[in-house]
Amino acid sequence: MRRSEFFLPTLKEIPSDAEVLSHQMMVRGGLIRRLASGIYSYLPLGWRVLHKVIKIVREEMDAAGGQEVLLPAIHPKELWDESGRWELYGEDMFHLLDRRKKSFCLAPTHEEAITNLVRSEVRSYRGLPLLLYQIQTKFRDEPRPRFGIVRCREFLMKDAYSFHRDENSLQETYKKVYNAYEKIFKRCGLDCEIVEADPGLIGGGLSHEFMVLAHNGEDVLVLCKKCGYKANADKRTDDICQAGNTKKKQSKELKEVKTPGMTTIEQVSEFLKVEPSTLVKTLIYFADENPVAVLIPGDREVNEAKLKSKLGATTINLASPQQIEKLTGAPVGFSGPVGLKLKMIADYSISGMVSFVTGANKNDTHLINVNIDRDFKIDEFGDLKIAIDGDPCPKCGGTLEVKTGIELGHTFNLGTRYSESMKATFLDENGKEKLMVMGCYGIGVSRIIAAVIEQHNDENGIILPISIAPFPVTILPLNMNDENQKTLAEDIYSDLRFEGIEVLLDDRNEPAGVKFKDADLTGIPIKVILGEKSLKEGKIEIQLRSTGEKLKVEKSKLIDEVKRLIKV
RNA sequence: CGGGGUGUGGCGCAGCUGGCUUAGCGCGCUUGCUUUGGGAGCAAGAGGUCCCCGGUUCAAAUCCGGGCACCCCGACCA
């Protein structure tokens with residue numbers, strides 16, 4: 001490709017609406033442009049990168065035994081009613097009406113569509129297992145699109161679905177896909193953490209997320225250096241951590257104290273001269289219209305994702321001041337568990353606490369020397385806090401580190417969540433009808449590009465690995481008025497193309513600096529530089545974007561050298 | 001949806017507090033000449049419903065009301 005003819009608008013300045021580094025660089029580098037919030041066009045350069053990523057994903061999915069399909073992006077409402085997810089997805093789904101006013105959606109995911117297909121075509125155990133995948137645009141009316149291409153309302157996803165006769169077969173395929181994912185991210189030059197996750201709206205049992213650590217990640221992970229435990233910070237650890245000892249003897253007498261106007265933890269702890277950690281915060285939530293009191297230590301916050309999954313609720317909301325007053329008899333800031341007639345759920349850490357401070361459900365009043373069991377009962381304990389750096393590891397007791405990352409892949413053990421609601425069954429060798437066991441596996445394909453850029457960049461711009469570079473090589477004749485450089489550039493250009501190498505020839509009549517800056521910004525891995533300096537010595541210079549390394553090679557060896565650099 | 005912010009040639013911004021000229025600057029763009037190892041120089045140019053609607057006023061980019069769009073922080077997810 002000739003740069004003079006290539007549609008590649010690069011920007012000198014940072015676009016004002018791009019806060020995150022990868023977003024800024026993708027816009028400046030001419031990879032993408034925004035059309036609306038969370039909706040982006042891919043320009044030729046960005047589309048080339050996306051193509052490279054798609055190729056890698058496709059190769060590894062095929063190698064794992066997957067077969068590619070293409071499912072519709074528009075689905076009728078009835079399909080989603082079968083699984084009950086039309087309601088569940090709600091506003092997060094783009095809805096539309098056809099000319100006869102029949103309801104459709106732009107598909108945010110394809111469990112229903114694939115299950116519909118497979119249930120009608122596969123009737124026998126002989127047709128199983130089956131691993132089908134597609135690479136397709138997904139539509140989600142995200143409440144908050146952000147970080148450029150990281151969280152979009154229209155984005156490219158690879159989604160795969162597997163169907164099995166039993167759990168064992170699912171595990172086999174699950175492992176294959178898991179391994180394929182590791183290879184995909186590695187080939188894209190990404191360093192990936194695989195963590196245990198909460199399956200969320202997709203449903204099912206154990207699931208894993210493939211995360212790239214990034215400062216601008218929107219997911220929070222906890223990592224234990226000691227035992228290697230890794231999980232999404234929203235994943236409850238109830239299964240592995242236990243409630244502490246609640247039997248500690250406490251004889252101090254329960255007492256009311258006046259705390260006029262003190263509605264915050266800070267005010268109360270300062271007034272009573274105690275640490276915030278010795279207070280217990282009582283928060284009133286509504287879980288699908290049912291009020292519940294949530295108890296956590298005064299210095300901690302509730303992780304609403306954990307709470308939601310603990311309560312098995314679809315929506316969860318903090319009660320309003322009016323509702324609180326109605327339910328507890330006191331204004332906000334004075335809620336407490338003693339005498340409260342609500343379902344009571346507490347974080348595990350509360351179980352080990354004795355003689356703590358709580359609200360008294362009475363205006364301007366708190367209680368001191370409060371103790372569980374003696375003064376009130378907890379219905380249920382669970383892991384409900386937002387994890388913070390230094391928390392104990394739920395598995396080994398070591399110290400947890402909290403990091404942020406970008407979720408690139410998610411694998412789910414769906415079990416029979418969809419085959420049951422949608423009646424996807426088959427006959428086994430005994431002629432018995434059974435439910436198919438399913439798995440599903442997603443990769444945010446477009447998002448991978450942002451993740452790579454977050455991990456690989458410098459002050460000059462993007463640094464791309466050869467594997468996903470739009471062009472592995474660019475030729476920079478520094479002075480287009482120099483006939484010698486010009487013809488040499490043309491010769492190298494046709495030689496490289498003859499070798500089947502994609503190359504960008506910067507044939508613009510621009511100063512050297514412009515060419516260097518553009519090449520760096522767009523992240524092209526190998527620069528072939530034709531300038532007076534090296535040509536005087538009869539040599540051609542090669543610069544590597546990743547290391548800044550400069551090589552000088554004989555003209556006759558150039559093509560072989562470039563081929564060698566591309567191979568590694 | 002709650003909280004915060006922004007909207008002025010293609011891009012980045014100033015002007016708005018305290019209303020009045022022809023709305024300015026940098027980058028980019030066009031033409032010519034010069035230049036060519038890290039976003040080059042000189043000269044001449046093109047390009048604007050100041051987000052939209054309404055109000056106040058002799059007069060609004062500027063003040064007031066409403067709306068829209070976009071960004072950031074929270075709840076959702078690949």
Side-chain angles (χ1 to χ4, degrees), chain A residues 9-20 23 27-28 33-39 57 88-93 108-109 135-138 140-159 181 197-202 209-212 216 218-219 232 234 301-305 307-308 314-318 320 386 406-412 440-448 450-451 460-461 476-482 485-486 508-521 527 529-536 541 543 550:
Chain A
T10 55
L11 264 35
K12 223 185 251 188
E13 282 171 295
I14 298 170
S16 64
D17 57 359
E19 191 108 336
V20 171
H23 185 198
V27 175
R28 285 190 58 207
R33 286 293 184 267
R34 199 191 65 232
L35 177 62
S37 178
I39 300 177
V57 171
L88 224 52
Y89 250 100
E91 298 259 85
D92 289 351
M93 193 152 69
T109 176
I135 295 167
Q136 193 211 31
T137 302
K138 295 279 185 278
R140 294 183 187 172
D141 195 358
E142 293 288 344
R144 180 143 108 84
R146 62 176 144 177
F147 301 159
I149 213 176
V150 171
R151 169 152 238 88
C152 282
R153 296 195 292 170
E154 175 182 325
F155 61 99
L156 198 65
M157 174 161 156
K158 187 286 305 175
D159 47 326
Y181 275 27
D198 181 350
L201 210 52
I202 305 286
E209 285 172 335
F210 293 69
M211 299 274 199
V212 162
N216 292 313
E218 42 174 11
D219 288 273
N232 188 305
D234 288 343
E301 303 294 328
V302 170
N303 181 321
E304 295 190 354
L307 179 62
K308 191 164 145 183
T314 34
T315 62
I316 200 154
N317 287 302
L318 267 173
S320 68
I386 289 178
I406 300 172
E407 182 185 357
L408 293 183
H410 201 156
T411 56
F412 304 82
C440 104
Y441 322 87
I443 287 184
V445 178
S446 37
R447 187 181 268 191
I448 286 179
N460 290 318
L476 310 183
L478 298 184
N479 185 350
M480 286 299 284
N481 291 329
D482 182 333
Q485 287 185 26
K486 212 166 148 180
R508 295 173 302 173
N509 192 7
E510 292 283 349
V514 172
K515 298 189 177 187
F516 279 115
K517 290 289 182 191
D518 254 11
D520 285 347
L521 177 62
K527 288 192 277 284
I529 295 158
L530 308 176
E532 223 178 304
K533 265 194 210 168
S534 45
L535 290 178
K536 265 195 306 206
E541 184 178 324
Q543 270 189 36
K550 297 175 183 179

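Each chain gets a letter, A, B and so on, in the order the sequences are listed, and its residues count up from 1.
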In whole angstroms, how far is the [atom2] atom of [N] from the [atom1] atom of [X]?
X      : N     : atom1 : atom2 : answer
A/I14  : B/U6  : CD1   : C1'   : 17 Å
A/E532 : B/G38 : CD    : P     : 12 Å
A/R151 : B/C71 : CZ    : C1'   : 16 Å
A/E13  : B/C13 : CD    : P     : 8 Å
A/R140 : B/C77 : CZ    : P     : 9 Å
A/L318 : B/G3  : CG    : P     : 15 Å
A/K515 : B/U36 : NZ    : C1'   : 8 Å
A/L156 : B/C77 : CG    : P     : 20 Å

Selection from [options] that lies nearest to any side-chain heavy atom of [X]:
X      : options             : answer
A/K12  : B/G39, B/C77, B/G37 : B/G39
A/R28  : B/G38, B/G39, B/G12 : B/G39
A/N481 : B/G37, B/U35, B/G39 : B/U35
A/F516 : B/G37, B/C27, B/G39 : B/G37
A/R34  : B/G28, B/C71, B/U36 : B/C71

Shorter than 3.5 Å, N or O on both sides, protein versus nucleotides 72-74 of chain B: list them out with atom names.
| from | atom 1 | to | atom 2 | distance (Å) |
| --- | --- | --- | --- | --- |
| B/C73 | OP2 | A/R144 | NH1 | 3.1 |
| B/C73 | OP2 | A/R144 | NH2 | 2.6 |
| B/C73 | O5' | A/R144 | NH2 | 3.4 |
| B/G74 | OP2 | A/R146 | NH1 | 3.2 |
| B/G74 | N7 | A/R144 | NE | 3.3 |

Expressed as a whole number of Å, how far does the [atom1] atom of [N] sit from that of [M]?
N     : M     : atom1 : value
B/C13 : B/A23 : C1'   : 14 Å
B/U62 : B/C52 : P     : 10 Å
B/A61 : B/U8  : P     : 15 Å

Would you classify [X] as touching base, sugar-phosphate or nothing, given that sugar-phosphate means primed atoms plus P, OP1 and OP2, and contacts are heavy atoms under 4.0 Å?
X      : value
A/E541 : base
A/V150 : base
A/N509 : base
A/L478 : base
A/S446 : nothing
A/D518 : base
A/Q543 : base

Can you check whether A/S37 has a side-chain N or O nearer than 4.0 Å to OP1 or OP2 of B/C71? yes
Any A/S16 side-chain nitrogen or oxygen under 4.0 Å from OP1 or OP2 of B/C71: no
Between the side-chain atoms of A/D219 and the base atoms of B/C77, is any donor-acceptor pair under 3.5 Å? yes
Would you check, one step at a time, whether the test side chain to side chain contact (heavy atoms under 4.5 Å, CB included) holds for A/V27 with A/R33? CA-CA 6 Å; A/V27 175; A/R33 286 293 184 267; 3.6 Å; yes
Can you find a heavy atom in the side chain of A/K515 that is under 4.5 Å from one in the side chain of A/I529? no
Side chain to side chain, A/K517 and A/N460, heavy atoms closer than 4.5 Å: yes
Should the pair A/E218-A/R151 be classified as a salt bridge under the 4.0 Å nitrogen-to-oxygen rule? yes
